[in-house]
Participant: 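Can you read through this structure? Questions will come right after.
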Amino acid sequence: MSDISQQLQTTIEAAFHDQTALQIVGSNSKHFYGRQIDGQQLDVSQHTGIVSYEPTELVVTARAGTPIVEIQQALAEKGQQLAFEPPLFSDTATLGGTIACGFSGSARPYVGAARDFVLGVKCINGEGKLLNFGGQVMKNVAGYDVSRLMVGALGTLGVLLEVSCKVLPLPEETTTVTIPVNNIDMALETMLHWHNQAIPLTASCFDGNNVYLRLSGTAIQDSVKQIGADVYEQGEQFWQDLREHRLNFFQQDKPLWRISLPINTPDLKLEGQTLLEWSGALRWLSSDLDAETIRAKVTQAGGHATLFRGGDRQGQVFQPLDTALLALQKRLKQQFDPKMILNRGKMFAEI
């Protein structure tokens, strides 16, 4: 364990005084995400350690530089887990970087997103002030929404020091079944059908050849029989490879888009290859299409598109905001980081 909060605070205070832009760096496992920015590096990777863990209260609090694998190991020893299944992309991935990116895995639509499990945070704002939001129990709602603001903000509102997360028990049983399907529309129909059934569904995916459904809980065999599909013995490995982008689909040398859509949206028929998750609400697109073409179709369908990896990292990586939302984001930035020194431009060029 290592507490370098005072050192970080002193550095940020000096940067605020000198108006020096800072680039927050942890394990660098997600350096590919967001816009490419410049700035003096602020290394938070040495701020580590599980501060408290109360298995009976289902709460863990850890410093932002703590590796996720360390937290997962401690939870597993007590039969518990980070239920939002965060993608790591490296064994060195930290809690702070994961929360700052707001990443959630395959279970997201069925058990909740990362922000749903964040109870509280301790952070340093752009003036070097130490701030505490939320608490360590769900009923403590003081500042709870502010804690959630930090999830997915990519460090633009504050440097995370500690995060308190709700945890859940590991499921007693988990089984994956596969259904052969050869086109996206049929896959969407299949996924939506089972999404709407009273079964313990905790993950779904279509890789171009099969629909994969994961069932988790107790006494799940009746649901397996109800689906009537083949059990996939390598299910656990498949979901890990999907979450960590180790499947062949993710190895293509093309820009990778992360597209979020209403669950019942039909195939957008965008040029390239598509992989479906979250019963069709999340669609990965590997394509050389230009951003304007992709976003035009996605926006028309009521969704948004993020250039997840590759492509132009100095352009509009995230879905452009309308005037009102951009103004709101600017006001938030002004409140937390008035001189715009923290990860300036990481999300949007204007902030």
Side-chain angles (χ1 to χ4, degrees), residues 4-5 7-47 63-66 86-87 89-90 92-103 114-115 118 121-131 133 146-163 258 306-321 325-351:
I4 62 167
S5 54
Q7 175 184 329
L8 294 172
Q9 192 172 6
T10 300
T11 301
I12 295 170
E13 286 174 343
F16 173 75
H17 180 268
D18 298 335
Q19 298 190 45
T20 301
L22 297 175
Q23 183 178 176
I24 305 167
V25 178
S27 71
N28 243 1
S29 62
K30 300 171 184 64
H31 65 281
F32 61 84
Y33 190 62
R35 300 181 69 253
Q36 183 178 327
I37 61 171
D38 296 317
Q40 175 183 314
Q41 288 197 352
L42 181 69
D43 188 350
V44 299
S45 62
Q46 299 307 306
H47 189 64
R63 296 191 180 107
T66 310
F89 304 119
S90 169
T92 63
T94 63
L95 177 62
T98 298
I99 295 301
C101 289
F103 289 162
R115 61 171 40 89
V118 172
V121 301
K122 181 186 291 186
C123 65
I124 305 173
N125 71 2
E127 298 178 74
K129 295 178 180 178
L130 189 65
L131 306 176
F133 300 111
V146 178
S147 299
R148 290 183 170 191
L149 279 177
M150 298 296 167
V151 184
L154 290 179
T156 59
L157 300 179
V159 178
L160 291 173
L161 293 178
E162 292 180 12
V163 181
R258 183 184 186 277
T306 298
L307 182 55
F308 191 80
R309 185 187 285 116
D312 180 11
R313 308 313 297 181
Q314 295 180 326
Q316 289 278 21
V317 169
F318 297 96
Q319 183 82 13
L321 301 176
L325 281 177
L326 182 59
L328 176 60
Q329 291 281 359
K330 287 181 176 179
R331 289 199 298 272
L332 277 173
K333 181 69 169 174
Q334 178 64 30
Q335 289 296 315
F336 284 91
D337 184 16
K339 292 187 179 178
M340 295 179 61
I341 67 168
L342 300 178
N343 277 4
R344 180 190 301 165
K346 187 67 173 174
M347 294 187 72
F348 301 99
E350 300 89 342
I351 52 176

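The shown structure was predicted, so the numbers you read here are calculated from the model rather than taken from an experiment.
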Participant: Parallel under 30°, tilted from 30 to 60°, perpendicular over 60°: which one fits the rings of F89 and F103?
Facilitator: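 F89 and F103: perpendicular rings.
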Participant: Indicate the atoms forming the closest heavy-atom contact of L130 with Q9, along with that distance.
Facilitator: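 Of all heavy-atom pairs spanning L130 and Q9, the closest is N-NE2, 3.8 Å.
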Participant: Could you check whether any side-chain heavy atom of R344 comes within less than 4.5 Å of a side-chain heavy atom of I37, counting everything from C-beta outward?
Facilitator: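 In short, these two side chains do not touch, never coming nearer than 4.5 Å.
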Participant: Is any side-chain heavy atom of V146 less than 4.5 Å from a side-chain heavy atom of F336?
Facilitator: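 Counting from C-beta outward, V146 and F336 do come under 4.5 Å.
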Participant: K330 and I351: which non-hydrogen atoms are nearest, and at how many Å?
Facilitator: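 For K330 versus I351, the nearest heavy atoms are CG-CG2, 3.5 Å.
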Participant: Between L42 and L8, what is the shortest heavy-atom contact and its length?
Facilitator: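 Scanning both residues, the minimum pair turns out to be CD1-CD2, 3.8 Å.
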Participant: Verify, without hydrogens or angle tests, whether R313 (side chain) and G34 (backbone) share a donor-acceptor contact under 3.5 angstrom.
Facilitator: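 A pair under 3.5 Å: yes.
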Participant: Which heavy atom in K30 sits nearest to a heavy atom in C101, and how many Å separate them?
Facilitator: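 K30 and C101 have their closest heavy atoms at CD-SG, 3.6 Å.
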Participant: So do the side chains of F348 and T156 get within less than 4.5 Å of each other, counting heavy atoms only?
Facilitator: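 Contact flag for F348/T156 side chains = no.
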Participant: With a 4.5 Å limit on heavy-atom distance, are the side chains of Q40 and T11 in contact?
Facilitator: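 Q40 vs T11: side chains touch.
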Participant: Quick one: pull up CE in M340 and CD in E350 and give me the separation to the nearest 0.5 Å.
Facilitator: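 Those atoms lie 9.0 Å apart.
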Participant: Examine R309 relative to F32 and say whether NZ or CZ is less than 6.0 Å from the centre of the six-membered ring and inside a 45° cone about the ring axis.
Facilitator: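 Cation-pi check for R309 and F32: passes.
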Participant: Is there a side-chain contact between R63 and T66 in this structure, where contact means two heavy atoms from C-beta onward sitting under 4.5 Å apart?
Facilitator: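 The answer is yes, as the side chains (C-beta and beyond) meet within the 4.5 Å cut-off.
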Participant: What heavy-atom pair brings T92 and S29 nearest, and what distance separates the two atoms?
Facilitator: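 Reported closest heavy-atom pair: OG1-CB, 4.5 Å.
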Participant: Return yes if some donor-acceptor pair links the side-chain N/O of N125 with the main-chain N/O of L131 below 3.5 Å, else return no.
Facilitator: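 Here the side-chain-to-backbone pair does not exist.
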Participant: Would you say that K333 contacts L342 through its side chain, given a criterion of any heavy-atom pair below 4.5 Å between the two side chains?
Facilitator: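 Contact flag for K333/L342 side chains = yes.
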Participant: Please report the shortest heavy-atom distance between L149 and A153, naming the atom on each side.
Facilitator: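 Heavy atoms of L149 and A153 come nearest at O-CB, 3.4 Å.
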Participant: Name every donor-acceptor pair, under 3.5 Å, that has one atom in a side chain of residues 12-20 and the other anywhere in the protein, sequence neighbours excluded.
Facilitator:
none

